[in-house]
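First the structure, which I've put down as structure tokens, then a few questions once you've had a look.
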Amino acid sequence: MSKVIDGKHVSTIIRERIKKETADILANTGKKPMLAVIIVGEDPASLSYVRSKKKFAAEVGFDSETIQLPDTATEADILAHIDTFNQNPAVSGILVQLPLPKHIDEQKVISTIAVEKDVDGFHPEQVGGLSIGLNTLEPCTPAGIIELLHHYDIPVSGKHAVVIGRSNIVGKPIASLLLRLNATVTITHSRTAHLADITRQADILIVAIGKPHFLTADMVKTGAVVIDVGINRTEGGKLVGDVDDEGVFEKAAYLTPVPGGVGPMTIAMLLANTLKAFKRQSFA
């Protein structure tokens with residue numbers, strides 16, 4: 001039977017640490033981090049996520065500013081706001097909430113954010129730095145997964161980690177971070193043949209494919225560590241992950257719940273990146 005990996009608890013510890021360090025810096029320098037967020041449109045999930053970011057930024061002592069634009073906003077409108085934040089020395093971190101409307105070039109928007117303020121870790125320079133092992137601002141969800149593994153003293157070095165999903169947000173960066181910790185990493189995806197044969201070899205299984213209850217117990221080796229990155233809503237409105245947790249719970253050594261697993265860690269690591277960016281800009 002699995003031990004539950006409690007991301008809500010671990011994220012609270014991280015936020016408390018950030019709050020204390022921020023208070024110490026403010027007391028000594030009169031300065032504190034500022035997070036600037038741009039959101040386009042009225043997507044309920046995105047709006048909820050942005051509200052959470054604003055709430056937790058205030059909780060740890062950061063300043064924040066949110067620009068909300070209609071879904072008819074032009075690419076030029078968004079780039080103009082980014083440029084204003086890039087030029088403002090009080091702004092430590094900039095985040096553009098994804099996804100963007102289809103008429104906006106998402107990669108152009110991400111690439112326009114000053115690399116030193118890219119607290120999402122999506123800028124091409126950050127991605128390149130991550131792949132060669134530089135001390136970058138790491139994408140928040142993958143960084144949160146690594147923090148969970150560390151907190152629960154789950155060994156990574158020498159283990160076989162299988163990642164289901166090859167997105168730029170989770171799949172590719174978590175593979176780079178696991179490689180850095182000396183795991184042997186296999187990336188699988190929707191076109192992988194004989195997927196279950198591969199997943200059953202995994203000591204650590206990261207599931208980020210965006211399909212509810214996709215990973216079933218027969219795809220998991222007994223004693224594996226299973227990290228469920230999925231966030232899906234059923235027709236009845238229930239929040240579920242990519243893992244069929246009922247079956248997998250009996251087989252895995254560790255399992256992240258949905259909700260309360262990886263999700264809270266994403267915002268915690270966003271705050272950690274904002275503090276890191278602030279210190280580099282203010283004290284480098």
*Are any of the side-chain nitrogens in Lys108 or Glu75 under 4.0 Å away from the carboxylate oxygens of its partner?*
yes

Review item, side-chain donor-acceptor pairs of residues 250-260, under 3.5 Å, at least two apart:
from, atom 1, to, atom 2, distance (Å)
Lys251, NZ, Ala217, O, 3.0
Lys251, NZ, Val220, O, 3.0
Thr256, OG1, Asp228, N, 2.7

*Got Leu270 and Leu35 here, is their nearest side-chain heavy-atom distance under 4.5 Å?*
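Leu270 reaches Leu35 side chain to side chain.
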
_Distance in Å, Glu21 CD paired with Glu16 CD, rounded so as to fall on 0.5 Å steps_ =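 Answer for the CD-CD pair, Glu21 versus Glu16, is 13.5 Å.
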
*Please tell me if the side chains of His123 and Leu137 come closer than 4.5 Å, counting only heavy atoms from C-beta onward.*
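Not in contact.
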
*How long is the span from the CG atom in Asp120 to the CD1 atom in Ile113, to the nearest 0.5 Å?*
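The distance works out to 7.0 Å.
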
*Ile39 CD1 to Ile67 CD1 distance, which is reported to the nearest 0.5 Å*: 12.0 Å

*Honestly curious: do Ile18 and Val91 fall in one hydrophobic cluster under the side-chain, below-4.5 Å linking rule?*
yes

*asked:* Measuring from atom OG1 of Thr199 to atom CD1 of Ile206, what distance do you get when rounded to the nearest 0.5 angstrom?
replied: 13.0 Å

*Evaluate whether atom NE2 of His194 has more than 12 neighbouring non-hydrogen atoms of other residues, nucleotides or ligands under 6.0 angstrom away.*
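No - once you tally the heavy atoms of other residues, nucleotides and ligands closer than 6.0 Å, there are 12 at most.
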
*Can you measure from CG (Leu47) to CD (Gln97) and round to the nearest 0.5 angstrom?*
8.5 Å

*According to a 4.5 Å side-chain heavy-atom criterion applied to Ile, Leu, Val, Met, Phe, Trp and Tyr, with indirect links allowed, do Met269 and Ile154 form part of one hydrophobic cluster?*
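In one cluster with Met269: Ile154, yes.
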
*Is any side-chain heavy atom of Gln281 less than 4.5 Å from a side-chain heavy atom of Lys117?*
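Sidechains of Lys117 and Gln281: in contact.
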
*With side chains defined as the heavy atoms from C-beta onward, is the minimum distance between Val225 and Asp203 less than 4.5 Å?*
no

_Within this structure, what is the OG-CG distance for the pair Ser157 and Leu181, rounded to the nearest 0.5 Å?_
8.0 Å

_With sequence neighbours excluded, residues passing salt bridge (Lys or Arg N to Asp or Glu O under 4.0 Å) with Asp244_ = none

*Apply the test ring pair (Phe, Tyr, Trp, His ring centres under 6.0 Å) to residues Phe62 and Phe56: give CA-CA distance (whole Å), side-chain angles for both, the deciding distance (0.1 Å), then the verdict.*
CA-CA 9 Å; Phe62 294 0; Phe56 288 119; over 10 Å; no

*Any side-chain heavy atom of Lys20 within less than 4.5 Å of one from Asp24?*
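Yes. Closest side-chain heavy atoms under 4.5 Å.
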
_Flag side-chain contact, heavy atom, 4.5 Å: Glu147 against Ile14_ = yes

*asked:* What I want to check is whether the side chains of Thr141 and Thr266 have a donor and an acceptor closer together than 3.5 Å.
replied: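 The criterion, which ignores hydrogens and geometry beyond distance, is satisfied for Thr266 and Thr141.
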
*Would you mind listing every salt bridge (Lys or Arg N to Asp or Glu O under 4.0 Å) that reaches into residues 168-194, with sequence neighbours excluded?*
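Salt bridge (Lys or Arg N to Asp or Glu O under 4.0 Å) check on residues 168-194 returns Glu138-Arg180.
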
*Please determine if Glu116 and Arg280 form a salt bridge, counting it only when a charged side-chain N lies under 4.0 Å from a carboxylate O.*
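Looking at Arg280 together with Glu116, the answer is no, because their closest N to O distance does not fall below 4.0 Å.
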
_Student check: side-chain heavy atoms of Pro99 and Glu106 closer than 4.5 Å_ = yes

*Are Leu239 and Ile231 close enough that some pair of their side-chain heavy atoms sits under 4.5 Å apart?*
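Yes - at least one pair of side-chain heavy atoms lies under 4.5 Å apart.
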
*When clusters are formed by joining ILVMFWY residues with side-chain heavy atoms under 4.5 Å apart, either directly or through shared neighbours, do Leu179 and Ile174 land in the same one?*
yes

